[in-house]
2 protein chains.
Amino acid sequence: MSAPRSADQIHASLSAQIVAGQLRPGDPLAEAALADRFNMSRTPVREALQRMAAEGLVERGPRRAFIVRRMTPTDLGHMFEALGEIEALCARLAAQRMTPIARAQLTEILAVECRTHDDYAALNRRFHEALRLGAGNQVLSDLLADLNRRTLPWRNAQFHTSNGRMDSSRQEHHAILQAIIAQDGDKAAALMRDHMAGSLAVVLAMIAPRETTGNPPPSRGVTP
Amino acid sequence: MSAPRSADQIHASLSAQIVAGQLRPGDPLAEAALADRFNMSRTPVREALQRMAAEGLVERGPRRAFIVRRMTPTDLGHMFEALGEIEALCARLAAQRMTPIARAQLTEILAVECRTHDDYAALNRRFHEALRLGAGNQVLSDLLADLNRRTLPWRNAQFHTSNGRMDSSRQEHHAILQAIIAQDGDKAAALMRDHMAGSLAVVLAMIAPRETTGNPPPSRGVTP
DNA sequence: GCCTTTTGAATTGTATACATATCATAATAT
DNA sequence: ATATTATGATATGTATACAATTCAAAAGGC
């Protein structure tokens with residue numbers, strides 16, 4: 001059996017709280033307080049925080065204390081651009097490389113009916129995941145997963161936006177699917193770029209007015 | 001003054017030894033031995049190793065001991081493909097965004113004469129660095145820096161290859177420069193993709209015959 | 001003879017004590 | 001009154017002791 005390592009539990013718990021918005025950018029992460037809260041010593045807490053720092057989820061604040069990572073508007077723009085471009089790159093590779101079977105599975109994913117936001121979030125996740133797998137590059141897939149995790153605290157803001165976004169997002173997914181079935185890599189990439197830009201513009205518009213290095217509106221639900 | 005932190009020193013030292021080939025893939029990194037070698041306790045050694053693990057330079061071996069990261073041939077292919085594609089992406093963005101001044105500086109970099117391999121390695125580094133800056137995206141720039149560090153142990157093998165590669169690499173650089181001056185993003189990206197593929201094919205050809213999860217030939221000099 | 005079980009050593013994971021740096025507060029001199 | 005310096009508290013950085021786990025080797029049963 002795999003031994004339960006304390007540091008891993010802390011890492012998972014803190015990461016989840018950060019991406020869920022329960023811990024917000026700028027919040028302090030004092031070692032002693034966390035050790036007390038998890039009923040553990042500072043050592044595994046430090047390990048978890050150091051790993052999260054390397055992953056870009058937390059940063060150093062005053063007194064070299066760890067704080068939940070803040071983002072300048074410029075940082076957010078760069079991160080979302082990188083996310084969109086690499087996702088577009090994966091779409092192009094997927095169009096070139098997916099097997100007929102994989103294309104059929106991708107079609108199946110989009111054929112599922114869903115009404116609630118949670119349903120659609122799950123569908124959306126499956127769609128993008130299938131595309132990442134279809135690109136056939138583990139490194140790019142890992143990069144996307146990382147960027148997704150790091151932007152999740154900010155993307156969750158999309159929940160409150162119009163339901164219309166859900167419908168247009170779905171149409172864009174189908175357009176991308178058609179391009180992939182046609183094995184038109186450039187078109188798939190261009191469509192995916194627009195798709196990501198559209199969904200992320202909503203986030204930026206919601207975040208820009210607020211102070212950006214501070215706290216994004218806490219909420220649940222993801223609709224890229 | 002900034003306090004000298006032991007963990008940072010160890011991290012820098014070990015990272016340098018790994019990318020330089022003095023520590024080779026699969027080599028064990030026992031905590032006690034390293035602590036003894038650096039005349040420090042295990043705590044900062046563990047911190048350095050954990051950060052390097054998150055950065056992808058080391059991995060876990062038997063007994064959960066840290067070892068220098070190994071790579072399957074598939075992993076290497078994925079990593080080099082990701083490197084080439086993102087570099088191409090940056091070239092396209094740079095073509096769209098570089099100011100006339102930045103373009104002039106890029107031209108200057110390529111105008112410098114150089115005869116030794118070290119000279120050319122420096123020129124090459126400056127060229128790619130200028131392009132990353134020109135893309136104007138810190139996140140993509142960081143991603144490239146990471147991928148470069150992680151592939152450095154394997155790319156160093158290129159040193160022994162023919163001098164002809166240096167000349168053709170130089171010609172490819174000039175072609176990319178022309179595309180950027182013409183602000184032709186797609187062409188710059190395509191040229192960069194070919195450029196990276198060409199230089200990395202040399203590495204793969206040299207590595208493929210050997211056992212790939214083991215050790216790359218140790219050497220110095222980089223010529224992407 | 002081969003497989004299973006047990007036992008042991010060696011290494012990593014965790015806890016705690018101590019050292020050190022950083023920031024805030026207050027006191028003092030100008 | 002303001003600026004500067006001293007001083008103290010609080011949090012992080014490091015060292016060391018202990019616990020737990022893992023792998024290997026040897027002993028025993030089939």
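It should be emphasised that the depicted structure is a prediction, and the values quoted were computed from it without experimental measurement. Excluded from the calculations below are hydrogen atoms, water molecules and symmetry mates; all remaining heavy atoms, backbone and side chain alike, are included.
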Can you pull every protein N or O that's under 3.5 Å from an N or O on nucleotides 8-11 of chain D?
from, atom 1, to, atom 2, distance (Å)
D:dT10, O2, A:R63, NH2, 2.2
D:dA11, O4', A:R63, NE, 3.4

Checking [X] side chain against [Y] main chain: does a donor-acceptor pair fall under 3.5 Å?
X     : Y     : answer
A:E59 : A:R70 : yes
A:D36 : A:A32 : no
B:S13 : B:Q9  : no

**Q.** Counterpart residues, ring pair (Phe, Tyr, Trp, His ring centres under 6.0 Å), relative to B:F127 (two or more places apart)
**A.**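 In terms of ring pair (Phe, Tyr, Trp, His ring centres under 6.0 Å), with neighbours along the sequence ignored, B:F127 is linked to B:H173.
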Tell me the interatomic distance from [X], atom [atom1], to [N], atom [atom2], rounded to whole angstroms.
X     : N      : atom1 : atom2 : value
A:H11 : C:dG13 : NE2   : P     : 15 Å
B:R5  : C:dA19 : CZ    : C1'   : 15 Å
A:E47 : D:dG13 : CD    : P     : 15 Å
A:E59 : D:dT12 : CD    : C1'   : 17 Å
A:D8  : C:dT12 : CG    : P     : 16 Å
B:I67 : C:dT12 : CD1   : C1'   : 15 Å

Q: Of all the heavy-atom pairs spanning A:I109 and A:A130, show the shortest one and how long it is.
A: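 Closest approach of A:I109 to A:A130, heavy atoms only: CD1-CB, 3.8 Å.
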Q) Which heavy atom of B:V139 sits nearest a heavy atom of A:D75, and at what distance? A)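 That would be CG2-O, 4.4 Å.
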Q.
Give the residues of residues 33-46 of chain B touching DNA chain C, defined as any heavy atom closer than 4.0 Å, sorted by residue number.
A.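 Under 4.0 Å from DNA chain C: B:R42, B:R46.
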**Q.** 5' priority, DNA chain C, between A:G61 and B:F66 [closest heavy atom]
**A.**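 So the residue in question is B:F66.
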Q | Partner residues of A:R64 under the side-chain contact (heavy atoms from CB on, under 4.5 Å) criterion, sequence neighbours left out | A |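 side-chain contact (heavy atoms from CB on, under 4.5 Å) check on A:R64 returns A:R60, B:R5.
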**Q.** Contacts of A:L133 that satisfy side-chain contact (heavy atoms from CB on, under 4.5 Å) - sequence neighbours left out
**A.**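 In terms of side-chain contact (heavy atoms from CB on, under 4.5 Å), with neighbours along the sequence ignored, A:L133 is linked to no residue.
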Q) Has B:R64 got a side-chain N or O lying under 4.0 Å from the OP1 or OP2 atom of C:dG13? A)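 Affirmative; the distance criterion is met.
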**Q.** Short side-chain N/O contact to D:dT22 OP1/OP2 from B:R60, under 4.0 Å
**A.**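 B:R60 to D:dT22 OP1/OP2: no side-chain N or O under 4.0 Å.
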Q: Hey, could you give me each pair passing side-chain hydrogen bond (donor to acceptor under 3.5 Å, both in side chains) that has a residue in residues 93-103 of chain A? Not counting sequence neighbours.
A: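 Sorted pair list: A:R97-B:E81.
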